[in-house]
Student: 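If you scroll down you'll find the structure; I have some questions about it.
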Amino acid sequence: MKHIHFEEIPSTNLYLKENYESLDNLTIVSCDHQTNGRGRLGRSWIDNDDLLFSILIKEKLDNPTNYSLLIANTLLKVLSKYNPLVKWPNDIIINDKKVAGILLEGVTKDKIECIIIGVGININSKIFPDNLVFKATSLSLISNSNINKNKLLGEIMDQFLEDYNNYNNDITDILSNIKNNFYLSNKEVNFVYNNKKLNGIVKDIDKDGKLVVETKTGILKLQSGEVTLQNIYK
Ligand code: BTN
């Protein structure tokens with residue numbers, strides 16, 4: 001993988017969005033600090049000595065949303081000693097708190113041109129904004145030691161490359177690993193679906209990667225992007 005590193009840029013996702021045409025498939029961009037880091041749902045992503053990177057995908061684009069699950073599975077493997085879980089489809093949870101977030105973005109013209117997989121892993125943050133303090137943690141807090149960010153990024157790149165090379169639009173194996181390490185299993189979730197606020201119990205992830213939720217009125221299958229899950233952290 002070609003690796004570009006910046007000390008500071010607005011956002012690694014934004015950098016790839018603006019430069020994807022001249023960059024190769026599997027280019028990875030990392031930085032020490034973002035001045036305009038972006039999270040899901042238009043939120044900002046505040047960093048503090050954390051691991052921030054984005055990977056450019058220009059091939060194997062048949063099912064773009066599969067890349068959330070692919071990278072989540074890579075992170076599960078690399079972080080396995082911390083017992084991570086996946087909160088479908090975009091967060092990595094350790095000890096009931098969020099340690100990493102994934103922001104998948106795409107560029108579409110007549111067809112899909114590329115996918116950008118943005119990842120932020122809380123590494124050395126020790127203090128979180130008041131509104132996050134009960135639901136975020138970092139690897140250094142969990143392990144009570146300092147984490148070598150470059151080494152961790154190297155491990156993630158190696159594992160992602162292997163997972164990407166093995167990937168051929170089929171997510172059966174990936175899903176089975178994610179289901180074995182699934183944070184939402186049997187949890188009650190509130191969500192917005194077709195502009196309605198609903199709730200239900202998470203039962204499964206189906207073969208296409210959709211979340212299967214049992215509601216009062218029956219089973220619903222939720223596609224990432226269609227729903228916002230609320231209040232699921234302890
Ligand atoms: C989330 O909301 O949980 C997703 C957060 C994703 C943050 C990462 S940090 C690197 C990349 N660049 C960005 O601007 N965002 C992603």
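In this text, all values refer to a predicted model and were calculated from it rather than measured experimentally. Ligands are counted one by one from 1 in listed order, and the atoms in each one are counted from 1 as well.
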Student: side-chain contact (heavy atoms from CB on, under 4.5 Å) with Asp110: which residues, sequence neighbours excluded?
Tutor: none
Student: Between Asn13 and Ser11, do the side chains contain a donor N or O and an acceptor N or O under 3.5 Å apart?
Tutor: no
Student: Should we count NZ of Lys179 as having more than 12 external heavy atoms under 6.0 Å?
Tutor: yes
Student: Tell me if the CD atom of Glu8 is crowded by more than 12 foreign heavy atoms within 6.0 Å.
Tutor: yes
Student: Against the six-membered ring of Tyr164, is Lys60 placed for a cation-pi contact (under 6.0 Å from the centre, within 45° of the normal)?
Tutor: yes
Student: Among side-chain atoms of Asn73 and Tyr167, is any donor-acceptor pair under 3.5 angstrom?
Tutor: no
Student: Identify all pairs of nitrogen or oxygen atoms, one from ligand 1 and one from the protein, separated by less than 3.5 Å, and list them with distances.
Tutor:
unit_1, atom_1, unit_2, atom_2, d
ligand 1, 2 (O), Arg40, N, 2.7
ligand 1, 3 (O), Lys98, NZ, 2.6
ligand 1, 12 (N), Thr12, OG1, 3.1
ligand 1, 12 (N), Gln34, OE1, 2.9
ligand 1, 14 (O), Ser11, OG, 2.8
ligand 1, 14 (O), Arg38, N, 2.8
ligand 1, 15 (N), Arg38, O, 2.7

